[in-house]
Amino acid sequence: MERQKWVRLDNASNIFLAASTNSDTKVFRLSAEMAHAVDPGCLQKALDKVYDRYLLYHSVLRRGVFWYYLEMSELRPIVEEENVTPCTALYHFDRKELLFRVLYRKKRIHLEVFHVLSDGTGALWFFEDVLKEYIFLRYPEEFSEMPQSEQDRMEQQLEDSFSRYFRQQGPQSFTEAARSAYRSVVKTSKRAGRVAIHFGKKTSRYVRPSLKPMRKKKRVYRIKGEKTPDQRPRVVELSLPLQQVLPLARQQNVSLMIYLTALFFEAIRKTSPDFRPNDTIVVSVPVNLRQFYTSSSARNFFSTTYLEYTYGQTEDTIEAICENLNSQLKNSLSKEKLGQRLNKLIASEYNPFGRVVLRPIKDVILKGINRLNNRHLTVAISNLGKVSFPERMRDHIQQLFFLSSVARPQFCMISYQDCLTVTFTSPFVDTAIQQAFVRLLSAQGVTVTAAVNQVTDREIEEGRR
Amino acid sequence: MNHCPYCQADIEGNWQQCPLCKGSLEKRTDKKASDPVVTPKY
């Protein structure tokens with residue numbers, strides 16, 4: 001009997017479709033800067049090998065009358081030289097195309113993924129495996145001449161992300177790989193009977209607007225500006241030595257992410273002429289639920305938490321902002337709060353309303369919800385944490401990067417070896433906020449290296465000279 | 001690689017002026033300047 005080759009798109013991922021626009025395509029990019037120029041032939045071979053193992057990545061997105069669904073396709077990905085702006089749309093309703101692309105240029109390899117398919121962590125597993133396979137194929141002599149003991153150790157280290165996360169369950173079918181992570185968690189917890197997750201009626205009390213009512217009383221600051229002419233994002237890539245930035249966060253007794261968020265808030269306040277003394281800045285922060293719940297899914301499995309700071313309530317120092325944001329984050333990561341959020345996501349997944357309402361109507365409703373959410377949001381951040389590779393491979397990868405298409409200024413952070421990369425993306429031409437952020441860091445003695453893309457006609461013209 | 005004295009940052013790429021503050025850039029003469037740089041082509 002032929003196995004099912006399609007999976008209904010989970011409700012949580014539907015929001016990405018409803019919220020995607022020409023400028024905010026809901027595509028994110030992971031990049032690696034290699035030690036040498038990329039060999040496209042090796043990259044293609046590496047991609048082919050890894051692609052065969054990741055059935056989820058074989059998906060194409062289709063539209064039905066009632067819902068969107070992921071369908072397994074026979075398409076094969078082809079690596080291409082980068083010649084489009086970053087995070088160009090991957091989904092077009094009238095085309096059958098894969099929901100990711102692999103690009104290269106000079107020393108860089110990029111993986112771009114439509115958020116409907118996977119989240120940053122899920123995509124990182126795939127990307128890590130492509131890079132490992134590429135290094136193996138590109139430098140075979142280095143690995144064949146290794147002593148046996150080292151080869152064994154290497155093999156241990158190289159147990160790829162795929163097997164690390166999926167081995168317990170054996171080879172996955174397409175439907176298993178593409179199933180919603182929230183459904184998988186329910187299935188696992190029901191079977192194991194150890195994680196108490198309530199869904200259905202019990203969770204209806206959690207299904208309510210995610211924004212706190214008290215937020216209405218505050219004036220949430222929203223950044224405005226001149227948009228880039230062709231809707232490409234303004235990208236500001238900052239490379240920072242981890243050993244210089246980490247102590248600054250430690251001084252404040254907070255994580256790197258909280259420290260940099262506090263600097264981001266200060267940069268916004270300092271550079272926004274229409275910022276009022278009592279304005280509130282709100283940031284959305286995705287929380288990787290795999291840290292807290294057992295899940296082997298590479299699909300979206302995160303929950304978004306909102307952190308805010310209202311100016312003028314106390315002395316608005318970096319210390320005070322850090323302390324405030326840190327306590328909010330700690331509270332939102334409590335077992336109870338996390339459970340509530342997960343239940344809400346699961347409830348939305350099992351909500352019968354999502355099944356019976358016509359897809360175009362759901363699209364309109366979700367677009368409305370997204371617009372409402374955006375009205376109470378200033379900026380966004382995303383943190384993929386520290387990535388490591390086996391010792392022998394480290395010399396071949398110099399730096400990692402992570403960025404996302406955006407509706408509002410955002411930064412994404414990722415670190416590798418001693419380098420922290422913070423990449424700002426913004427729909428606006430102006431770079432005053434990013435500049436203030438750099439100044440705040442360099443004033444603390446941090447060595448900052450910035451790479452900025454050209455977005456205006458004048459800048460592009462100057463860049464050609 | 002250039003350096004922006006106002007931002008106190010090294011600036012990669014083919015910029016005539018600092019893309020962050022629009023100020024003048026100083027040519028870097030240290031080792032880094034000769035390194036091949038991958039400027040983001042976006």
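In what follows, chains are A, B, ... by sequence order, proteins preceding strands, each numbered from 1. Keep in mind that what you see is a predicted model, and the values were worked out from it rather than measured.
- Rounded to the nearest 0.5 Å, atoms CD (B:Q17) and CD (A:E459) are 8.5 Å apart.
- Looking at every heavy atom in both residues, B:L20 comes nearest to A:Q434 through CD2-CB, 4.2 Å.
- Heavy-atom minimum distance, B:K22 versus A:T431: NZ-OG1, 4.2 Å.
- Counting heavy atoms from C-beta on, the side chains of A:L441 and B:Q8 never come closer than 4.5 Å.
- Minimum heavy-atom separation, A:R439 to B:C7: CD-CA, 3.7 Å.
- Comparing A:A450, A:S442, A:S239, A:A436 by how many heavy-atom pairs each has under 4.5 Å with chain B, the most go to A:A450.
- No more than 12 heavy atoms of other residues, nucleotides or ligands lie within 6.0 Å of CD1 in A:I78, so this atom counts as exposed by the packing criterion.
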